[in-house]
S.K.: 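I'd like to ask some things about the structure below.
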Amino acid sequence: MSIKIQTLAGYIHEYQKSVLQPDQFWARVAESFHWHKPWTEVVRWNFTEPSVEWFVDGKLNITENMLDRYLYTKGGQTAIIYEPNDPAESAISLTYRELYERVNEFANAMKAEGVTKGDRVIIYMPMTPEAAIAMMACARIGAVHSVVFAGFSANALADRIIDCEAKMVLTADENFRGAKVVPVKAVVDEALERCPSVEKVIVLQRSGGPVTMQEGRDLWWHEAIAGQDTECPATVMDAEDMLFILYTSGSTGKPKGVVHTCGGYMVYTKFTFENVFQYKAGDIYWCTADVGWITGHSYIVYGPLLAGATTLMFEGVPTYPDAGRFWDIVDKHQVNQFYTAPTAIRALQAYGTEPLEGKDLSSLKVLGTVGEPINEEAWHWYHDHIGKGRCPIVDTWWQTETGGIMMSPIAGIIPTKPAYATLPLPGIQPVIVDHEGNELTGNSVEGNLCIKFPWPSMIRTTYGDHERCRQTYFSQFPGMYFTGDGVKRDEDGYYRILGRVDDVINVSGHRMGTAEVENAINEHPKVIESAVVGYPHDIKGQGIYAFVIANMEGRTEENLEQEIRTTVTNIIGPIARPDKIQLVPGLPKTRSGKIMRRILRKISEGITDDFGDTSTLLDPEVVAQIIAGRK
Ligand code: 7RM
């Protein structure tokens, strides 16, 4: 029997228990799963190395808790509803039994191609059920999946394949995204030119468009599964065996491979899914994220299917064929819980209420947001026009590294407040610290958000580089996990996330390192140096503003800017393309050569004075020149 919070008093009670007796609390949650062997210790940890183990010595397979578990009780119930990009193409439903069979069959296909426990498999696929099937098939046989968002460039894909030394890549011929058709197999082919670890590529036929298949390396999905058994014994995994790697951007260098493990991730994603969204049997749940991001992992695939829910996967984009598409889908499938990003809400808000006309949204019970701070205006629009004032909004704060939702209202139970993630979920112990690491206690305080006690789905390491994990998350404030976010605790003890306090920017809910974008810009042969900052953007939340020093010989400003955008698209992907590029004669540097980003941030926001202490600036004249050429 798991823990289902049903009242505010119940929340307070469970929260207190989770802090005072975490072992008993989490043991009670974990007991509701199928384990091959129970754990001997609930949690063993230190935040110095760091070393975190949950459900020590426990043995399990996560897919048995998603599929086998429901085979007889819910075999005929819909597990996945797939809504294709083109509304004229019919939706597809897979029951729990069908999903079980397709996962097992594909697991056998991967085994037949030589994949074994511990091997890394890259998933670079459209948002079709096969992406979820691929993830679960990996988990079935103990292979470690690493899903790469299919909008990343060949170069970014190759970096990830190389970092985890993947043996196999799963992809499709083409990806339908709104009015565009992206040739994903061709992107894989280009990436693999520098990925010697990859032995096999399995290609889903999605569009039927032309692809080149490399003999001996590439095979079709439908051929790979032909004749495979629809039963595949689940590989028994240790609770701390790796489940997946997911790459995410930080403030320095290349993206890091965040590692999640089997037991804790399973326990936490199901627990948070059921409680936050108050999912009830028979409900239709829809999260609009892509499986390439952590939200797709935890709250399209793992959390919902662990809970025996019906989860909807949407292949397309919010504005295709028009800005009413989300609401058409809610209406068509009578969606009960709807979970999206503030950037999508703001984008749709810009179209007004006309796209809502004639759409039946009365099935909706709970609305969710994730990925970035939501502004109050968007919160109210969502609340009034989508939820018609009747649906609680769960503003869920969490990260790739946290694996699951950390702070959020529990739908209908914790009173909401616009733009507030409200309170921590049971088991989560947030602390606010000042820049010296002193804990700020009491209400009405603001500072850096840290977590002082482990939770089951937290990051275990960064793949292949444990020191980087320690350095990034556990060194700035010793003894605590540092989130990189700023936060305020108001007079009611409610939490409001203020955004990143490091050099990470959040563009349309996509996390990016400013250094990562700068490195891409610097690849252009004419670029000498660059500095990137995020600036407030009405729809994207933050836009990318690049200040660039370049050798203009043989170029006009216009064609150089265009070339820089193309360079960034090629190196990272279209999501990292700068919104504004300003060619500058110099950058505001200190005598020790550090760029004073604070000044650039202000200029990008349109503030042209009040830069604070500029006494360490090497050349104050540069600032005036940048202001004069501001975009
Ligand atoms: C789930 C996800 C993590 C960063 C995080 C925050 C920001 C996420 C919220 C939010 C304000 C929220 N993972 N963030 N959720 N900020 N309110 N509800 O997005 O790894 O891609 O990004 O996103 O800055 O640190 S992520």
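Just so you know, ligand 1 is whichever comes first in the structure, and atom 1 is the first atom listed for that ligand.
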S.K.: For residues 249-256, tabulate all N or O donor-acceptor pairs below 3.5 Å that involve a side-chain atom, not counting sequence neighbours.
M.R.:
from : atom 1 : to   : atom 2 : distance (Å)
S249 : OG     : R511 : O      : 3.4
S249 : OG     : E516 : OE1    : 2.7

S.K.: Protein N/O near ligand 1 N/O, under 3.5 Å, which pairs?
M.R.:
from     : atom 1 : to   : atom 2 : distance (Å)
ligand 1 : 13 (N) : T400 : N      : 3.4
ligand 1 : 14 (N) : G371 : O      : 3.4
ligand 1 : 15 (N) : G371 : N      : 3.1
ligand 1 : 16 (N) : P373 : N      : 3.4
ligand 1 : 17 (N) : E372 : O      : 3.4
ligand 1 : 18 (N) : D395 : OD1    : 2.7
ligand 1 : 18 (N) : T396 : O      : 2.8
ligand 1 : 20 (O) : T400 : N      : 2.9
ligand 1 : 20 (O) : T400 : OG1    : 2.6
ligand 1 : 20 (O) : R511 : NH1    : 2.8
ligand 1 : 23 (O) : G371 : O      : 3.2
ligand 1 : 23 (O) : N506 : ND2    : 3.4
ligand 1 : 24 (O) : D485 : OD1    : 2.6
ligand 1 : 24 (O) : D485 : OD2    : 3.3
ligand 1 : 25 (O) : Q399 : NE2    : 2.9
ligand 1 : 25 (O) : D485 : OD1    : 3.3
ligand 1 : 25 (O) : D485 : OD2    : 2.6
ligand 1 : 25 (O) : R500 : NH1    : 2.8

S.K.: Which residues satisfy the side-chain contact (heavy atoms from CB on, under 4.5 Å) test with D163, sequence neighbours excluded?
M.R.: Y247, Y463
S.K.: Check this for me: does any side-chain nitrogen of one of R496 and E376 sit under 4.0 Å from a carboxylate oxygen of the other?
M.R.: yes
S.K.: Do you know the tightest heavy-atom contact between V267 and F33?
M.R.: CA-CZ, 3.7 Å
S.K.: Distance from M125 atom CE to D290 atom CG, nearest 0.5 Å?
M.R.: 11.5 Å
S.K.: Please tabulate, one pair per line, all N/O donor-acceptor pairs under 3.5 Å involving side-chain atoms of residues 423-433, not counting sequence neighbours.
M.R.:
none

